[in-house]
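Some notes on the structure that comes next.
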Amino acid sequence: MKFIHTADWHLGKLVQGVHMTEDQRFVLAQLIEAIEQERPDALVIAGDLYDRAVPPTEAVRLLDDTLATIVLDMGVPVIAVAGNHDSPGRLDFGSRALKSNGLHIAGPIRREFEPVVLNDSAGEVHFHLVPYTDPSMVRHVLEDPDIKTHDDAMKAITGRISEGLNPVARHVFVGHAFVTPRGEQEDNTSDSERPLAIGGAEHVSAQHFKPFHYTALGHLHKAHYVLNETIRYSGSPMKYSISEEHHQKGFLIVELAADGSASVEKRLFEAKRDMRSVEGTIAEITAHERSEDYVFVTLLDEAPVLYPMEKVRSVYPNAMHVQRKTFAKEAGESTIGNRRKMDPMQLFNAFYKEVKGDAPSAETAELFVEVLQEFLQADSEREEVKS
C-alpha cells in the first residue's frame, strides 16, 4: 500500500503579521499534482491542519477546496487527526457523514479506538488515529488516575490499541506529539512550534510505537525520524519562522510491503517565496537584485540607519524584520538570544534567580508548573469555546 504522509499545514498562519494563505495554496497545489501522479491509496495528515482553533475564512475555504479535490474529484481517501493548534470539535463536525466519501478525521479523543481500514492486494491496513489531547482529558476519557504526562497518556493509548491489533493486518499509527527516542527532553525544531506542556512533561517515548509497522507523526516542523526509520515526522510544508531557514520542506511517500516493511521517499516542495536571513551594510543590501523572498535582515552598519525597513523593502518588498547587529551587542545579545530559546520553566528559574538571588525551591517550582499548566489548559478551553 502506498500513502502520502504530511502534517502541520497551519492554514491561516501569519508570520510577522503577513498572511501565508497564498503561499500555502501554491504548495498544496503541488501536493495535489503529486497525488495525481503517484495515485496513492491514501493521504495522511498528522495534525495542525489549521494554525488556530478559530481559523480565518480564507483558510477554511482553502482546506475545503483541497480536501474536496483530493477526496471527491480524485477519489483518494484522506486520513487526518487534530493537532494542538486545531479545534477538535471543528474538525470533528460532520465526520461521520463524510466517512462514506473517504474523509476520515479524528477530532476529540474517544474511549474506543476504532481503526480506519483500507485494503490492497496484500490485505488490510489499519490506520490508528490518535489526535492531540491534553493528558488530563486522556485521564478522564480512559478513567486512569495514573496518567499525568503526555508520555503516560501515549503509553496508555498505545497499550489499549496494541491489545486489539489484528495479527494478520498491517498497522499505521497517526498521531500528533513531541516524540523523542526514550521520552528524554529535546529542543523544538522550530520557534513556531507551540509547546505542548512545560518542565519536560510534553515529551513522549518512541518505544510506545514499536507495535506499528509505520508511525506518521506531526507537531515538529523538521522532517526526521525518531529511534528508527519507521517512526517519522514529515515536517511542515512551508517555513513558518526564520529558525526553519535551513529545513528542506516536503512530504513523504510511504510504501508498505505485504510483510509490513516500509520504504520511505521524501519529495520536496517548491516555495513561492523562500524565507531566509540576509546580512550586510545597508549599501550592500540595497545593491542586491530585487527579490520577493521573506527576509530577516541584520544590518552591519556601525552608525544607525534612518528608515531601515523602507530602504530594505526597496529591494526586498516582503522583508519581515530588520535589526542592527551592533545594537544587539550593546543590549546584551547573548542574554537576549539565550532567553528567547528558553522554555517557560527555564525563564521562570532565570527570572527568580535574578530577582531573589537564588534558585527557586522545589516547592516553588512545582507550584509555578501547576499554575502555568492550569492557565494553558484554560486558554485552550477558551479557544475551543470560541470555535
Side-chain angles (χ1 to χ4, degrees), residues 8-27 48 50-52 55-56 58-59 84-85 187-195 219-223 235-250 269-344 346-347 350-351:
D8 297 286
W9 289 6
H10 289 278
L11 301 183
K13 180 77 172 179
L14 283 89
V15 180
Q16 298 289 117
V18 178
H19 288 273
M20 296 284 107
T21 307
E22 286 309 309
D23 297 71
Q24 291 168 331
R25 189 183 301 277
F26 182 79
V27 166
D48 281 353
Y50 291 122
D51 188 59
R52 52 188 183 274
E58 59 271 18
N84 61 300
H85 283 253
D187 291 336
N188 280 351
T189 62
S190 166
D191 290 344
S192 61
E193 294 157 4
R194 181 189 299 167
H219 179 56
L220 300 183
H221 288 190
K222 184 177 181 179
S236 59
M238 287 176 50
K239 299 175 182 179
Y240 289 128
S241 74
I242 194 59
S243 64
E244 301 176 34
E245 178 180 11
H246 301 297
H247 289 191
Q248 296 267 299
K249 300 299 186 180
F269 285 126
E270 176 190 347
K272 187 171 186 178
R273 304 174 184 87
D274 194 12
M275 185 176 291
R276 57 192 175 91
S277 56
V278 176
E279 191 173 273
T281 64
I282 192 66
E284 292 169 340
I285 289 171
T286 53
H288 291 173
E289 291 186 13
R290 183 180 174 88
S291 171
E292 298 292 323
D293 288 348
Y294 299 117
V295 296
F296 288 69
V297 178
T298 300
L299 297 177
L300 302 182
D301 300 81
E302 292 290 335
V305 177
L306 291 176
Y307 309 113
M309 182 61 86
E310 181 179 329
K311 293 176 181 177
V312 167
R313 283 185 170 166
S314 67
V315 179
Y316 297 105
N318 296 306
M320 289 188 156
H321 182 71
V322 176
Q323 67 176 9
R324 264 183 68 216
K325 193 168 187 176
T326 51
F327 177 81
K329 287 180 179 178
E330 291 165 6
E333 181 181 24
S334 60
T335 302
I336 294 172
N338 288 338
R339 288 186 176 177
R340 284 174 178 165
K341 296 177 182 178
M342 290 180 180
D343 64 28
Q346 291 170 324
L347 279 171
F351 173 77

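All residue numbers in this chain count up from 1 along the given sequence.
Taking both residues in full, the closest heavy atoms of A303 and R324 are given as O-NE, 4.1 Å, listed atom of the first, atom of the second, then distance. The minimum heavy-atom distance between T286 and I282, with the atom names listed, is OG1-O, 2.8 Å. Of all heavy-atom pairs between P56 and R52, the closest is CD-NH2, 3.4 Å. Closest non-hydrogen pair, R313 versus A319, comes out as NH2-O, 2.8 Å. Counting all heavy atoms, side chain and backbone alike, S291 lies closest to P317 at O-CD, 3.2 Å. Closest approach of Y50 to P55, counting heavy atoms only: CD2-CB, 3.5 Å.
K311 is linked by a salt bridge (charged side-chain N to carboxylate O under 4.0 Å, His left out) to nothing, counting only residues two or more places apart in sequence or in another chain. Under the side-chain hydrogen bond (donor to acceptor under 3.5 Å, both in side chains) criterion, K239 pairs with D274, not counting sequence neighbours. With sequence neighbours left out, the side-chain hydrogen bond (donor to acceptor under 3.5 Å, both in side chains) criterion links S277 to E245. Residues passing the side-chain hydrogen bond (donor to acceptor under 3.5 Å, both in side chains) test with Q16: none are found, sequence neighbours excluded. Remark: Q248 engages K266, L268 in a side-chain contact (heavy atoms from CB on, under 4.5 Å) (not counting sequence neighbours). Evaluation of the side-chain contact (heavy atoms from CB on, under 4.5 Å) rule for H288 yields V278, I285, V315, Y316 as partners, not counting sequence neighbours. Considering only residues two or more places apart in sequence or on other chains, D48 meets the side-chain contact (heavy atoms from CB on, under 4.5 Å) condition with D8, H10, N84, H85, D86, H176. With sequence neighbours left out, the ring pair (Phe, Tyr, Trp, His ring centres under 6.0 Å) criterion links F296 to no other residue. Partners of T298 by side-chain hydrogen bond (donor to acceptor under 3.5 Å, both in side chains), not counting sequence neighbours, listed by chain and number: Q323.
Atom CG of L11 sits about 10.5 Å away from atom CD of E58, to the nearest 0.5 Å. Atoms NZ and CD, on K325 and E302 in that order, are 11.0 Å from each other to the nearest 0.5 Å. How far OG1 of T189 is from CG of L220: 4.5 Å, rounded to the nearest 0.5 Å.
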Take K249 and S236 through the test side chain to side chain donor-acceptor pair (under 3.5 Å) and record every step on the way to the result.
-> CA-CA 6 Å; K249 300 299 186 180; S236 59; 2.8 Å; yes
With side chain to side chain contact (heavy atoms under 4.5 Å, CB included) as the test, would you mind laying out the steps for M275 and M320 before giving the verdict?
-> CA-CA 9 Å; M275 185 176 291; M320 289 188 156; 4.2 Å; yes
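Within the 3.5 Å criterion, the main-chain N or O of H221 finds no donor-acceptor partner in the side chain of S190.
Taking a 6.0 Å sphere around NZ of K272, one finds it holds more than 12 heavy atoms contributed by other residues, nucleotides or ligands.
Considering only heavy atoms from C-beta on, V295 stays 4.5 Å or farther from N318 through its side chain. Annotation: side chain of L300 is in contact with side chain of E279 (closest heavy-atom distance under 4.5 Å).
For the salt bridge (Lys or Arg N to Asp or Glu O under 4.0 Å) condition, the pairs that include at least one residue of residues 281-297, sequence neighbours left out, are R276-D293, R290-E292. Listed by first then second residue, pairs satisfying salt bridge (Lys or Arg N to Asp or Glu O under 4.0 Å) with a partner in residues 10-19 read K13-D51, not counting sequence neighbours. Under the side chain to side chain donor-acceptor pair (under 3.5 Å) criterion, the residue pairs touching residues 17-26 are D23-R273, D23-Y294, Q24-Y240, with sequence neighbours excluded.
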